[in-house]
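Report on the structure given below.
Counting from 1, the numbers follow the sequence of the chain as shown. Atom set for the values below is all heavy atoms of this structure, side chains included, hydrogens, waters and symmetry mates excluded. The structure presented is a predicted model; accordingly, all values stated were derived computationally and were not measured. Start at 1 and go down the list; that is how both ligands and their atoms are numbered.
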Amino acid sequence: MSENALPTPPDILRCAYAELVVSDLAKSRAFYADVLNLVVTHETEDAVYLRSLEDFLHHNLVIRKGPDPALACFAFRVRAPGDVDRAEAYYKALGCRTERRKEGFVEGIGDAVRVTDPFGFPYEFFFETTHTERYMWRYDLQTAGALVRFDHFNQVTPHIKPALKYLNDLGFKTTEQITDAAGTIYGAWVHRKPTVHDTALTGGDGPQLHHIAFATHERHNILYICDKLGALRMSDSIERGPGRHGVSNAFYLYLRDPDGHRVEIYTQDYYTGDPDNPLVVWDVHDNQRRDWWGTPVVPSWYTEASRVLDLDGKLVPLTVRDESREIDVTIGADGFSYTREGEEMPSWKLGEYKLGHQV
Ligand code: XXG
Ligand code: FE2
């Protein structure tokens, strides 16, 4: 190890679970277990542990009752037990606060380290977990809206460039980015498992949780979830979509849970596992970058997010983004967005964008 060099980072396999603090456990349980049909692995008086139908990990989501609805942790699974030691040494070398618990922080997870990372996000690294039954073949339990895998996290930070360098150093590879001609980065997607991402950075006041995402097998599963929410008179929990992303090419839907935590339902992005997987760069003015059909992004999607907690369970203070904000450069009244490069957006379409910007 040369002077100033960091120790070897942990070998991260994938994003594994998120722990969310919720204000009303019964309401949140109803949303995740009864409406979205996640499987309940375990529950206590103050927490419910849920998983997607194909996973064998103990859980992909912990909802815990608490005073401040917020993200308590983004947890990553590492390749081997020794990678938990590597993670601890790595974050210590970065000067971050770390906490190691051989018995784990939550049910179903063994030896783990939690850290507050250099950008204020609560990360956990673990290998040991209690295996559960995969419900892959349990078609008797699956519904038309089956959430089959945990797909990704999305983090809001004002400092995308240095945060992206930190994630790349940690071993994440960038698949896609949204930038402008001046070099400002508005969004970046990075992976360990061979999909478009395990986590992504969204430019804004942070640190905040933008969303967590579960995957379905196909597009029709997402449409069924929309129909079901309509039938339950819960259409107000649909925030954005359904639609087709430009970035990632996935089909998507964004929901807000009873506390406003954002959950994406996502399907059919692409394979990214080759070492020379090409980086995709989108112009922030490309009107199809976030929705391939050009549907305007609702302002709340850019402006609202959930706070995150430190290792003591206290809210991490927010830092305001001082670089230009995507909501202002693309749906502010600038007229610079385009559908075909070199051509202006039709005036009727631009009107829709101005109307959408009521913040
Ligand atoms: O998972 C995602 C997202 O980060 O949620 C958003 C993939 C693509 C997009 S975007 O809105 O940029 O198309
Ligand atoms: Fe996403």
Task: Salt-bridge contact Asp68-Lys314 (side-chain N to carboxylate O under 4.0 Å) - done: no

Open item on the list: Nearest 0.5 angstrom please: His152 NE2 to His191 NE2, how far?
Closed with: 14.5 Å

Open item on the list: Show me the pairs that pass salt bridge (Lys or Arg N to Asp or Glu O under 4.0 Å) and involve residues 202-227, at least two apart or across chains.
Closed with: Asp205-Arg325

Open item on the list: Whether the side chain of Asp257 engages the backbone of Asp259 through a donor-acceptor N/O pair (distance < 3.5 Å, no angle test) should be reported.
Closed with: yes

Open item on the list: Checking the side chain of Lys65 only, and the main-chain atoms of Ser23 only, is there a donor and an acceptor separated by less than 3.5 Å?
Closed with: yes

TODO: Have a look around the Fe ion (ligand 2) and list protein N/O/S atoms under 2.8 Å, or say none.
DONE: His152 NE2, His211 NE2, Glu264 OE1

Task: Check ion pair Arg77-Asp198 (N to O, under 4.0 angstrom) - done: no

Could you list each N/O atom of ligand 1 together with any protein N/O atom closer than 3.5 Å, one pair per line with the distance?
from: ligand 1; atom 1: 1 (O); to: His152; atom 2: NE2; distance (Å): 3.0
from: ligand 1; atom 1: 1 (O); to: His197; atom 2: NE2; distance (Å): 3.0
from: ligand 1; atom 1: 1 (O); to: Glu264; atom 2: OE1; distance (Å): 3.2
from: ligand 1; atom 1: 4 (O); to: Asn154; atom 2: ND2; distance (Å): 3.2
from: ligand 1; atom 1: 4 (O); to: Trp189; atom 2: NE1; distance (Å): 2.9
from: ligand 1; atom 1: 5 (O); to: His211; atom 2: NE2; distance (Å): 3.0
from: ligand 1; atom 1: 5 (O); to: Tyr254; atom 2: OH; distance (Å): 2.4
from: ligand 1; atom 1: 5 (O); to: Glu264; atom 2: OE1; distance (Å): 3.0
from: ligand 1; atom 1: 11 (O); to: Arg240; atom 2: NH1; distance (Å): 3.3
from: ligand 1; atom 1: 11 (O); to: Arg240; atom 2: NH2; distance (Å): 3.3
from: ligand 1; atom 1: 11 (O); to: His245; atom 2: ND1; distance (Å): 3.3
from: ligand 1; atom 1: 11 (O); to: Arg290; atom 2: NH1; distance (Å): 3.3
from: ligand 1; atom 1: 12 (O); to: Arg290; atom 2: NH1; distance (Å): 2.7
from: ligand 1; atom 1: 13 (O); to: His245; atom 2: ND1; distance (Å): 2.7
from: ligand 1; atom 1: 13 (O); to: Arg289; atom 2: O; distance (Å): 3.4
from: ligand 1; atom 1: 13 (O); to: Arg290; atom 2: O; distance (Å): 3.1

- [ ] Taking only Lys NZ, Arg NE, NH1 and NH2, and the carboxylate oxygens of Asp or Glu, determine whether Glu54 and Arg149 approach each other closer than 4.0 Å.
- [x] yes

Task: Partner set under side chain to side chain contact (heavy atoms under 4.5 Å, CB included) for Ser324, not counting sequence neighbours - done: Asp180, Thr184, Tyr186, Val329

Task: Separation between CG of Leu201 and CD of Gln177, rounded to the nearest 0.5 Å - done: 10.0 Å

